[in-house]
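All remarks here apply to the structure that follows.
Computed from a predicted structure; not experimentally measured. Position 1 is the first residue of the sequence; numbering continues from there.
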Amino acid sequence: MQVNADHAPITITALKWVPPFARGQVRDFRLRWMMKEVGWSYDVELIDGDTLATDAYRAEHPFGQVPLLREEGRPTLFETGGIVLDIAERTGKLLPEDAGERAIVKCWTYAALNSVEPFLMEVSFADIFIEDKEIAAGYRPFAEKMARDRLDKLANALGDREWLAGGDFTIADLMMASVVKVAHSARLVEEHDNLAAWRDRCFARPAYGEAIAEQCADFEGYGPQDMGWSDDFAAQMAEKEGERA
């Protein structure tokens with residue numbers, strides 16, 4: 001157990017294994033990134049699909065997902081947006097001191113999760129998770145149109161600023177960059193030079209690179225059987241990703 005004088009011991013839950021196309025995407029990387037930005041230590045508990053479905057786990061995370069953040073002496077937290085904001089407020093990092101500027105950062109943080117991510121996820125659903133190929137092919141143009149519209153609006157709002165909420169890199173950038181990563185394979189972000197440049201600035205931060213490398217390293221040595229998933233399911237996911245590439 002790692003211990004840091006700034007907080008009680010912390011554990012983040014993460015999956016033991018995911019198909020290759022999902023590595024660097026599972027949302028625990030957002031917490032790893034945030035922790036590394038603020039300099040907090042943590043341990044990672046790798047769990048399987050059966051654990052996600054237990055009553056005990058769902059008592060902590062109602063939707064049976066990762067990550068959770070467990071910290072001794074505090075309630076267990078779920079949902080990456082809420083956890084990232086909690087850490088920012090407790091550390092005073094990645095949030096402006098000015099109350100008005102801080103409020104804008106929070107607005108953009110919520111916008112990432114509510115106004116952008118759901119639309120980008122629809123493209124992924126069409127590409128990967130809709131089993132009927134005919135239905136997926138018919139739905140994808142509509143999903144892409146919605147996603148492109150949201151990215152158009154995001155690019156216009158960003159304009160020529162270096163960071164999303166002005167000033168310095170904040171949790172608004174961390175969360176929005178994590179969200180637009182969903183659209184990576186569809187290459188939609190690249191349609192806007194300013195948006196692509198902003199995303200690349202976010203991902204060039206050392207804490208991001210360390211978080212992604214750490215998450216991907218955790219998958220090594222495990223397979224679909226360690227998640228309780230069949231080899232056929234993993235193969236189907238990989239096949240769909242190959243079709244999208």
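The CG atom of Asp28 sits 7.0 Å away from atom CG of Leu15, with the distance rounded to the nearest 0.5 Å. For the atom pair CH2 of Trp163 and SG of Cys202, the computed distance is 5.0 Å after rounding to the nearest 0.5 Å. With values rounded to the nearest 0.5 angstrom, Ile171 atom CD1 is found 14.5 Å from Lys93 atom NZ. Note that CG of Leu94 and CD1 of Ile87 are 10.0 Å apart. Values are rounded to the nearest 0.5 Å. In this structure, CG on Leu154 lies 9.0 Å from CG on Leu120, to the nearest 0.5 angstrom. In this structure, the separation between CG on Leu69 and CH2 on Trp40 is 8.5 Å, given to the nearest 0.5 Å.
Counting heavy-atom neighbours within 6.0 Å of Asp193 CG, excluding the residue itself, gives a total of 12 or less. Shown here is Phe203, whose CZ atom has more than 12 heavy atoms of other residues, nucleotides or ligands within 6.0 Å.
A salt bridge does not link Arg102 to Glu89: none of the charged nitrogens lies less than 4.0 Å from a carboxylate oxygen. Using a 4.0 Å cut-off between charged side-chain N and carboxylate O, Arg150 and Glu122 make no salt bridge. Using a cutoff of 4.0 Å between basic side-chain nitrogens and carboxylate oxygens, Lys145 and Asp149 are not scored as salt-bridged.
Scanning all heavy atoms of the two residues, the minimum distance from Pro67 to Ile12 falls at CB-CG2, 3.8 Å. The nearest pair of heavy atoms linking Val182 to Ser124 is CG1-OG, 3.6 Å. Gln25 approaches Phe21 most closely through the heavy-atom pair CG-O, 4.2 Å.
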When the side chains of residues 204-212 are checked against the rest of the protein, which donor-acceptor pairs come out under 3.5 Å, sequence neighbours left out?
| from | atom 1 | to | atom 2 | distance (Å) |
| --- | --- | --- | --- | --- |
| Arg205 | NE | Glu37 | OE2 | 2.8 |
| Arg205 | NH2 | Glu37 | OE1 | 3.0 |
| Tyr208 | OH | Lys181 | NZ | 2.8 |

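Using a 4.5 Å cut-off on side-chain heavy atoms (C-beta onward), Phe169 and Leu174 make contact.
Pairs of residues two or more places apart, or lying in two chains, that qualify as side chain to side chain donor-acceptor pair (under 3.5 Å) and include a residue from residues 54-67 are Thr13-Tyr57, Glu60-Arg70, Glu60-Thr76.
Applying the side chain to side chain contact (heavy atoms under 4.5 Å, CB included) criterion to Ala112, with sequence neighbours excluded, gives Met175, Met176, Val179.
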